[in-house]
There are 2 protein chains.
Amino acid sequence: MLRRLPADVRRGTTVRRAATIADVAAYAGVSKATVSRFLSGRSDVLSETTWKQIQDAIAALDYRPSQIARSLKGGRTRLIGIVVADVTNPYSVAVLRGAEDECQRAGYMLALCNSGGSHAKEQELLAGLRAYRIEGLILNSAGIAADQVSDALPDGLPIVLLDRKLPPGRFDFVGLNNIAAATEATRHLVGHGFGDIALIAEPITGVSVRTERALGFRQAIAENEGCTGTVIEVDLHQPDAMQQAVARFLATPSSRRKAVIAASGLVTLRTVQAIQSLGLHMPDDVGLVGFDELEWSALVPPGITTIAQPTYDIGVAAVRNLLARLAGHRDEPHSTIFTGTLIERGSSASEAGLRPMAVPAPAQPAAGLV
Amino acid sequence: MLRRLPADVRRGTTVRRAATIADVAAYAGVSKATVSRFLSGRSDVLSETTWKQIQDAIAALDYRPSQIARSLKGGRTRLIGIVVADVTNPYSVAVLRGAEDECQRAGYMLALCNSGGSHAKEQELLAGLRAYRIEGLILNSAGIAADQVSDALPDGLPIVLLDRKLPPGRFDFVGLNNIAAATEATRHLVGHGFGDIALIAEPITGVSVRTERALGFRQAIAENEGCTGTVIEVDLHQPDAMQQAVARFLATPSSRRKAVIAASGLVTLRTVQAIQSLGLHMPDDVGLVGFDELEWSALVPPGITTIAQPTYDIGVAAVRNLLARLAGHRDEPHSTIFTGTLIERGSSASEAGLRPMAVPAPAQPAAGLV
DNA sequence: TTGTACGCGTTATCAA
DNA sequence: TTGATAACGCGTACAA
């Protein structure tokens, strides 16, 4: 009754070919169709005997169904693509975790690609994902045009934009309420005595996140009579651009306390570097609120005030959106908007408030000290 | 001559089915085989006329070959799996970039999975990747046993272990020379006047990276007569464990300067938190060298001395290793070992050296200041 | 230079 | 309850 697995000899070593459904059928003495029924869990239509035979056969041959063959037959690859502009951005990774969990829950696999901010690479990646017949796409675009996205992908493929919108608004979207977040950051600074504020962002050039954050910032400035606001665009690829920008902003005479809103995690990093290089101190020489909560936000004295995003939930929402489309939802493009949370630390403290490098009260005064 | 694409009507909207090679053949008035030849770029065997006809047909129908069908036929999915224990670890992401680039160069796609440190999830992921018939696997294991890995995957599947070795040494490996790196870190501290050093790591429990770093540490301590060394294991899931461990270490009386070597990026983060919470200052109260260069290493005063890994190259090497196996290499398990680089900053300074929060000489004294 | 026909591993539709 | 057979989209012998 035991039949050996088909084996072919290459390079002197015997390499067993992976067992197929036909092998299992032969081993169990049943037809492929029956095995297929077993795989679909149709225990109601199978006799207990054959059920067990097949079970044994599968175990004996170490058989695993080929998702490739399944995909070809059924057209359902159970693959979801996600293209991010920058994997090294903690935001992307954090979102990924949520997306991944939700995918696994639904039996999908996530194929992650990194465009590195390049349009050309993004195009290639979309073509690649298309070749693998992904069923849906999460796109954190490098700034490609909506038409190019449509052209690169088959009609009707569910797409959800992540964090960055694309102009014509034809796609689903998941991301932050940037206007509200920027407004909150600005009001927070104003409320803590800062009156001359700069929002520093990478070149805005139509990137929706940046546009919106700048807009919310301007609105909040406008509603406060005594305040001045500037939007500064900095090309982070140029080595000293940030330091010069910060220096110039701080050098302009003003009677009010100055502060910076950093429009992204990367900008926050570079802003802090610049501030330190210039030998300045937060919040006295300059206040700071940064978008995105980072693991080191609390570590750099006097602690950096940040706007945290619910990244995990954003990832989950993106996948849910896709799953809904796959389940047949044919509504108009839908946006899922989350709210940011301001986490207050020393970098935006009032003059009377926390001082930089103040000795923090230990959580457990001396509990650990012998 | 124009034949329309097959279309089926669902939910009131006409959704074009993706064009197949047969559609292209029909449109161009040739056989499928001829189109297939076109796709393989065999311009030498095709007449110029048919070449153009096919080109037109493909453009007109917006045809894209199905990688799924190709995979089924040829058994080559051009898919490489990578399972990491923690996507949020900057190390993993940095390695990913190298791996991804090298994959793209070789025409492979990378399927990233995150086990989150869970054995069970790791097993599931391996099963999933197997179902998709990946051609190779990069495994940053959550600590699963080598046998389980072998069992979960088909015989002969090229596997390269990343960062963490698995006991029996049956697999290829790419990672750091941890012993040398730990030795260098220790010697560096000793050379800067520290004589009572603790290596702090997460519970070692057989994780090769931790074992090796502890080993290198002990060796270096042993070669320096006047020095004391302790290995402290801290469970980072317990909220105050780190702070207590640091406090206890610093409380033990000693005539020599004390320092900590943090055995990973995460441990570095937590150690710095603990030091700050205790109101202590580096390097006077305690010195620090941390494994893994992090974006904020230079930002936390007085700057944290780190051991940087060539992460990008490690990623590239992992994929190259796989590609070599796929090309037929049948040698013994091979290890590719990289060397860490110590980046010196204030946290490990000699007593006479840098002081914390010393005003740094600005790179460009006042160039940017109007 | 081109076409015919088969097989890759599944699932689904029939019949039995 | 089970089996034979036809797809799914592509590559590739082999034949023309």
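These numbers come from a predicted model, not from an experiment. Numbers restart at 1 for each chain; the letters A, B, ... are given by sequence-line order, proteins then strands.
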Problem set entry | C:dG3 OP1/OP2 closer than 4.0 Å to side-chain N/O of B:S31 | yes

Rounded to whole angstroms, how far apart are [atom1] on [X] and [atom2] on [N]?
| X | N | atom1 | atom2 | result |
| --- | --- | --- | --- | --- |
| A:L72 | C:dA12 | CG | C1' | 14 Å |
| A:R37 | C:dG9 | CZ | P | 20 Å |
| A:L39 | C:dG9 | CG | P | 14 Å |

Between [Y] and [X], do the side chains contain a donor N or O and an acceptor N or O under 3.5 Å apart?
| X | Y | value |
| --- | --- | --- |
| A:Q148 | A:E122 | no |
| B:E135 | B:Y108 | yes |
| B:S47 | B:T50 | yes |

Exercise. Closest nucleotide of DNA chain C for A:V35 versus for B:W51: which of these residues is on the 5' side?
Worked result: B:W51

Exercise. So which one's nearest nucleotide on DNA chain C is more toward 5', B:A33 or B:A69?
Worked result: B:A33

For a quick check of understanding: with a heavy-atom distance under 4.0 Å over all strands, which category does [X] fall into, base, sugar-phosphate or nothing?
| X | result |
| --- | --- |
| B:T50 | sugar-phosphate |
| A:Y63 | sugar-phosphate |
| A:I68 | nothing |
| A:I21 | base |
| A:R76 | nothing |

Under 3.5 Å, is there an N or O donor on one side and an acceptor on the other linking the side chain of [X] and the base of [N]?
| X | N | value |
| --- | --- | --- |
| A:K32 | C:dT10 | yes |
| A:K73 | C:dT11 | yes |
| A:R64 | C:dG9 | no |

For this session: Give the nucleotide from the list D:dT12, D:dG9, C:dT10 with an atom nearest to the side chain of B:S36.
Result: D:dT12

Problem set entry | Flag side-chain contact, heavy atom, 4.5 Å: A:F171 against A:V149 | yes

Exercise. How far does CZ of A:R97 sit from OH of A:Y312, to the nearest 0.5 angstrom?
Worked result: 7.5 Å

